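Remember, it's a predicted structure, so these values are computed and weren't measured experimentally.
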Amino acid sequence: MAGKHSDYSEGGPAKRQKTTEMDPKDNPYLAHWNENGDDGFHSNGVSHAPSPLSKLQRHQTTVKTAVDAENGKYNPFTGQAFSKRYLSILKTRKDLPVHAQRQEFLDMYQKSQILVFVGETGSGKTTQIPQFVLFDDLPQHDGKMVACTQPRRVAAMSVAERVANEMDVKLGEEVGYSIRFEDMTSSKTILKYMTDGMLLREAMNDHELTRYSTIILDEAHERTLATDVLMAMLKELTLRRPDLKLIVMSATLDAQKFQRYFNDAPLLAVPGRTHPVEIFYTPEPEKDYLEAALRTVLQIHATEAEGDILLFLTGEEEIEDAVRKIKLESDEMIREADAGPMAVYALYGSLPPAQQQRIFEPAPPPRRPGGRPGRKCIVSTNIAETSLTIDGIVYVVDPGFSKQKVYNPRIRVESLLVSPISKASAQQRAGRAGRTRPGKCFRLYTEAAFKKELIEQTYPEILKSNLSNTVLELKKLGIDDLVHFDLMDPPAPETLMRALEELNYLACLDDDGNLTVLGRMASEFPLDPALAVMLVSSPEFFCSNEILSLTALLSVPQVFVRPNSARKRADEMKNLFAHPDGDHLTLLNVYHAFKGEEAQKNPKQWCHDHFLSLRALQSADNVRLQLKRIMEREEVALMSTPFEDKSYYENIRRALVSGFFMQVAKRDANGKTYTTVKDNQPVLLHPSTVLGQESEWVVYNEFVLTSKNYIRTVTGVRGEWLLDIAPGYYDIDSFPKGEMKTALTRLKERIERRAKMKGGR
DNA sequence: GAGCACTGC
């Protein structure tokens, strides 16, 4: 029988063949599995009838046994009597669309090692499928777990909480979650929701993912970097581990692509539960999408029935500007046309959480009894497309653009570019109008443009990113042959070459592409390779404590706050922390002040007074602690140069070079502009820098491509350090003839002269 | 003299 699996063997194929024919009871590896009490059932010490699941055989259960257990008096996973709340939730759960296809799901799950599951919004897939799996996979019988990955932390947390309630267990016990900074699981856990990045981390240390019996990749259509790497890795792992089951859950559009990728795995589709959304296109292309968007919003407000509006724009500035204009115009409509009141909210990622929460305030009431109803209008970035769900939206205005990351491997630069969205994205946006009742979506482009000009899917992350981090992870995962690693969308060879080259320069990979000791250590840190290498090397410069703080500060959002209304004061405050040698040292000054006695008396007030982001600094603190623990584990020494020592700051700047020697620019002959070493890109110091033009050589943290080419977070270094600390990269012979080569040659001669003078004394 | 779409470890 093809569908019968007996998957407990750890032996080779011959042994597996044998066990499929064997009664599982006779399997020596399973000696314990049918014994009462060995399945966690009586773990609370309360003695009831044995769990109805204890006698079942893995992957041979029926829907009936599961439903009987769910409808029983006692919780089959804890042995406790079910609560009243459980019964009431159970009733609503049974109404979810997935329940109608439970048998179908079970048949396919039992028959096939890999399954592609397509569930629309509202189908209940994220909460129900993992539970269906539990009743058949029975991970508790041999101490394994079912994992369900999510692209975002909040989703992992909130879904775990929901499912713990549904299963009538305490969150963190049978059902838990695991995300960065928080492991809410225990030895009892049999269902674990986690971020995809977290599962990838685990895989780096356990290539076989032995703790899991089934892995569910949810929201696979979002194609995050971690999901893409996991898919390829799991595709290989399923061959090595026939006992491991894999379910890939996705939205409809690209289901067949997933199916093909997984060797024509069976596909199960379950309808969702949403309301119809009527789509309107403009008859002619719009010249100015911003103007058209404002016009459309106001027109909806004037002519359409009650219901809230969601407008998608591309970024903070554009959004704040639109909010101002809509407010002005709608106030005028109240005065001139007796329109209803309209509350307008901005929504984007860098907004403080309290302000993000305001979008959930109810729409304003009519201005007088019987007057025109009020509504709210939310002007948002893509954050409202997937990450945040707002109920009550009836009208969506979609100009068809978003900021998207673009990677140029030639000059190694990631930048954000306003670009047309994909069809999938447009569909997702429209869907936001139909969550509570039928809605309307106004697309500010023609139907022909939608059909002919929009790409089907947004390009997956892996095609838009610098892959040095990913390549390091793959090496740590034990994947040596990157060229034949079967990714769903393989990146351009040049991108991979660039990543390998970069890792080689960082000494994370040797010339044969093998992980070095440094590379292995760097991969332990949740950091970009340059930052990780800088951190691991920092004891050589006697300042690992300071580099640790700096690394944390560089991995959190912007620390300095600069509201439009108080730019001057904000700049003055920043100048209090300014260090003449650059922005890195300035950041460090901020952190030290933040950790100082005065600031800690009232951090919130202190940050507010100094125009600093409390959230960013706290998060840096959190990251710092995590990195410090890894340093201790990896035995990277923590040390500081005494502050009185005159080389305190110099040591830090030298340590910076050890990680960022590839991000160096040299001042041009004109004394104003800069040019990046090796890529020869003309750049300017970002206006936010504390640095003047006094440094001939600077390291930079970030290349920002906006109205001009800027380098941001910049610190001055001495040219000699480059040759001294990164001689492999600054191999003068490898530079083409030109200004850069001349400058480096001069540096080298200076070093040699100095050495001679010292030697001659 | 400027702008950080969104995630994740």
Side-chain angles (χ1 to χ4, degrees), chain A residues 149-156 178-183 194-205 219 222-230 312-321 347-351 380-388 401-406 414-419 421 425 428 458 460-462 464-465 469-470 472-473 476 522-529 531-532 552 555-564 567-568 570-571 613 616 619 622-623 626-627 629-630 672 684-689 692 701-702 704-713:
Chain A
T149 68
Q150 298 293 320
R152 281 169 293 278
R153 285 189 218 161
V154 264
S178 175
I179 58 176
R180 187 183 187 181
F181 305 126
E182 198 183 358
D183 181 9
M194 63 206 301
T195 45
D196 47 13
M198 201 69 202
L199 185 61
L200 196 56
R201 271 274 143 201
E202 285 189 11
M204 285 164 65
N205 292 310
E219 316 289 359
E222 288 196 28
R223 304 290 309 277
T224 65
L225 253 169
T227 295
D228 269 20
V229 172
L230 281 171
F312 285 102
L313 291 180
T314 65
E316 173 174 346
E317 197 177 318
E318 198 179 82
I319 287 171
E320 293 293 357
D321 193 46
L347 177 62
Y348 44 86
S350 55
L351 220 51
S380 171
T381 60
N382 256 358
I383 195 169
E385 203 179 290
T386 45
S387 308
L388 263 168
F401 292 96
S402 71
K403 274 192 192 171
Q404 287 168 42
K405 192 164 76 181
V406 190
E414 288 178 354
S415 52
L416 286 170
L417 208 68
V418 174
S419 343
I421 60 171
S425 192
Q428 177 74 17
T458 310
E461 277 290 311
I462 200 158
K464 299 188 291 190
S465 311
N469 202 7
T470 305
L472 186 64
E473 282 168 5
K476 185 73 203 308
S523 74
E524 293 294 325
F525 292 88
L527 295 169
D528 275 340
L531 280 171
S555 7
V556 299
Q558 188 60 35
V559 165
F560 297 102
V561 178
R562 196 166 182 263
N564 280 333
R567 288 189 202 165
K568 206 168 158 234
D571 290 347
S613 159
S619 137
N622 216 358
V623 173
Q626 187 192 27
L627 298 176
R629 291 203 178 117
I630 301 172
K672 282 186 184 142
L684 294 172
L685 299 183
H686 194 273
S688 65
T689 188
N701 183 57
E702 210 180 354
V704 221
L705 210 150
T706 50
S707 52
K708 297 184 182 112
N709 286 348
Y710 287 111
I711 48 176
R712 190 161 52 187
T713 312

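Taking atom CD1 of residue Ile179(A) and atom C1' of nucleotide dT7(B), one finds them 13 Å apart after rounding to whole Å. Straight-line distance from the CG atom of Asn701(A) to the P atom of dC4(B): 14 Å, rounded to whole Å. Computed from coordinates, the Leu417(A) CG to dG3(B) C1' distance equals 15 Å when rounded to whole Å. Rounded to whole Å, atom C1' of dC9(B) lies 15 Å from atom CZ of Arg629(A). For the pair Tyr348(A) OH and dC4(B) C1', the interatomic distance rounds to 11 Å; values are reported in whole Å. Atoms CG (Asp196(A)) and C1' (dC6(B)) sit 13 Å apart, rounded to a whole Å. For the pair Leu351(A) CG and dC4(B) C1', the computed distance is 12 Å after rounding to whole Å. If you measure from atom CG of Leu527(A) to atom P of dC9(B), you get 13 Å, rounded to the nearest angstrom.
In this structure, CZ in Phe312(A) is found 11.0 Å from CD1 in Ile383(A), a value given to the nearest 0.5 Å.
Neither OP1 nor OP2 of dC6(B) sits under 4.0 Å from any side-chain N or O of Ser402(A). For dT7(B), the OP1/OP2 oxygens have no side-chain nitrogen or oxygen of Arg180(A) closer than 4.0 Å. Residue Thr386(A) places none of its side-chain N or O atoms closer than 4.0 Å to OP1 or OP2 of dT7(B). Distances shown here put every side-chain N or O of Arg223(A) at or beyond 4.0 Å from the OP1 or OP2 atom of dT7(B).
Listed here is the closest heavy atom pair of Leu347(A) and Ala384(A): CD2-CB, 4.2 Å.
In this structure, Phe525(A) has no ring pair (Phe, Tyr, Trp, His ring centres under 6.0 Å) partners at least two apart in sequence or on a different chain. Partners of Thr195(A) under the side-chain contact (heavy atoms from CB on, under 4.5 Å) rule, at least two apart in sequence or in another chain, are Arg153(A), Ile179(A), Met198(A).
Residue Thr195(A) is classed as a sugar-phosphate contact, given heavy-atom separations below 4.0 Å to backbone atoms only. Note on Tyr710(A): only backbone sugar-phosphate atoms sit closer than 4.0 angstrom, heavy atoms only; bases stay farther off. Residue contacts for Asp571(A): at a heavy-atom cut-off of 4.0 Å it reaches a base atom on one of the strands shown. Note on Glu316(A): a base of the nucleic acid sits closer than 4.0 angstrom, heavy atoms only. Residue Lys708(A) is in sugar-phosphate contact alone, with no base atom involved, counting any heavy-atom pair closer than 4.0 Å across all strands shown. Backbone-only engagement by Arg153(A) is indicated by non-hydrogen atom pairs under 4.0 Å involving sugar-phosphate atoms exclusively.
Where Lys405(A) and Gln150(A) each meet DNA chain B at their nearest nucleotide, the meeting point lying more 5' is that of Lys405(A). Comparing Glu473(A) and Thr381(A) against DNA chain B, the residue whose closest nucleotide sits nearer the 5' end is Thr381(A).
When distances are taken from the side chain of Pro526(A) to each of dC4(B), dC9(B), dC6(B), the shortest belongs to dC9(B). Nearest nucleotide to the Asn469(A) side chain, out of dA5(B), dG3(B), dG8(B): dG8(B). Ranking dC6(B), dG8(B), dG3(B) by closeness to the His686(A) side chain, first place goes to dG3(B).
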Candidate pair Arg152(A) and Glu222(A), rule salt bridge (Lys or Arg N to Asp or Glu O under 4.0 Å), full reasoning: CA-CA 11 Å; Arg152(A) 281 169 293 278; Glu222(A) 288 196 28; 2.8 Å; yes

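Remark: the Glu385(A) side chain and the Ser425(A) side chain contain an N/O donor-acceptor pair separated by less than 3.5 Å.
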